[in-house]
Structure formats: C-alpha cells, structure tokens
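Pasting in a structure now, in structure tokens, and then I'll have a few things to ask.
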Amino acid sequence: MRIAADRERCVGSAACEALAPELFCVGDDGVVRVLRPEPGRAEEDVVRDTVDQCPTGALSLTD
Ligand code: SF4
C-alpha cells in the first residue's frame, strides 16, 4: 500500500493529521505532507479510514 496526496486538492483541514499524526502532517504552508508514504500492514485500517474522511478526496491509495 502506498499513500498519495494531491496537494492541489488539499485544503489543510488537518483531519488526516488528527487521525494519523504519525503518517500525515499539515505544515506552515497549510498543505498536507505524507510523512511515511508506505505504511505497515498494521496501519492499513487507519489509513483507509483517513483516506475516506478527507473532505476533498486529496488522499488516495495504490497497491
Ligand atoms: S484531510 Fe485531506 S484536505 Fe485535510 S489536510 Fe488532510 S489531505 Fe488535506
């Protein structure tokens, strides 16, 4: 699993950071940064939940 973030679609709500702060960070520029694009198996559920809850669809997953 690999996380991709579309920085053009991100509005900086920081929902992702709140749900998975070890994986996502919203910086001073107000845009998400993926801290670890390839999470471990144990993190897959929280990653899928976080992707689903992004209000703009800025986050996506690839295999
Ligand atoms: S939840 Fe989505 S819109 Fe909000 S900061 Fe994260 S990637 Fe950006």
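In each ligand, atom 1 is the first atom listed, and ligand 1 is the first ligand listed. These values consider heavy atoms only, across backbone and side chains, with no hydrogens, waters or symmetry-generated copies.
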Query raised in the report: Heavy-atom count around R36 CZ within 6.0 Å, excluding the residue itself: above 12?
Result: yes

Report task. Ignoring hydrogens and angles, tell me if any N or O in the side chain of E43 forms a donor-acceptor pair with the backbone of G40 under 3.5 Å. Result ->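 Present.
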
Query - Atoms of the protein (N/O/S only) found under 2.8 Å from atom 6 (Fe) of ligand 1 - result: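 Those protein N, O or S atoms (cut-off: under 2.8 Å from atom 6 (Fe) of ligand 1) are C16 SG.
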
Query - Atoms in ligand 1 flagged as close to T56, the criterion being non-hydrogen separation under 4.0 Å - result: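 Near T56, the atoms of ligand 1 are 3 (S).
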
Would you mind writing out the side-chain donor-acceptor pairs for residues 15-23 within the sub-3.5 Å range, not counting sequence neighbours?
| from | atom 1 | to | atom 2 | distance (Å) |
| --- | --- | --- | --- | --- |
| E17 | OE1 | V26 | N | 2.6 |

Query raised in the report: At their closest point, which heavy atom of C10 faces which heavy atom of A58, and how far apart are they?
Result: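 In terms of heavy atoms, the two residues are closest at N-CB, 3.8 Å.
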
Query raised in the report: Does CG in D52 sit with more than 12 non-hydrogen atoms of other residues, nucleotides or ligands closer than 6.0 Å?
Result: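 Correct, the count exceeds 12.
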
Query raised in the report: At what distance, to the nearest 0.5 angstrom, does CZ of R9 lie from OG1 of T56?
Result: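 Interatomic distance, R9 CZ to T56 OG1, rounded to 0.5 Å: 6.0 Å.
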
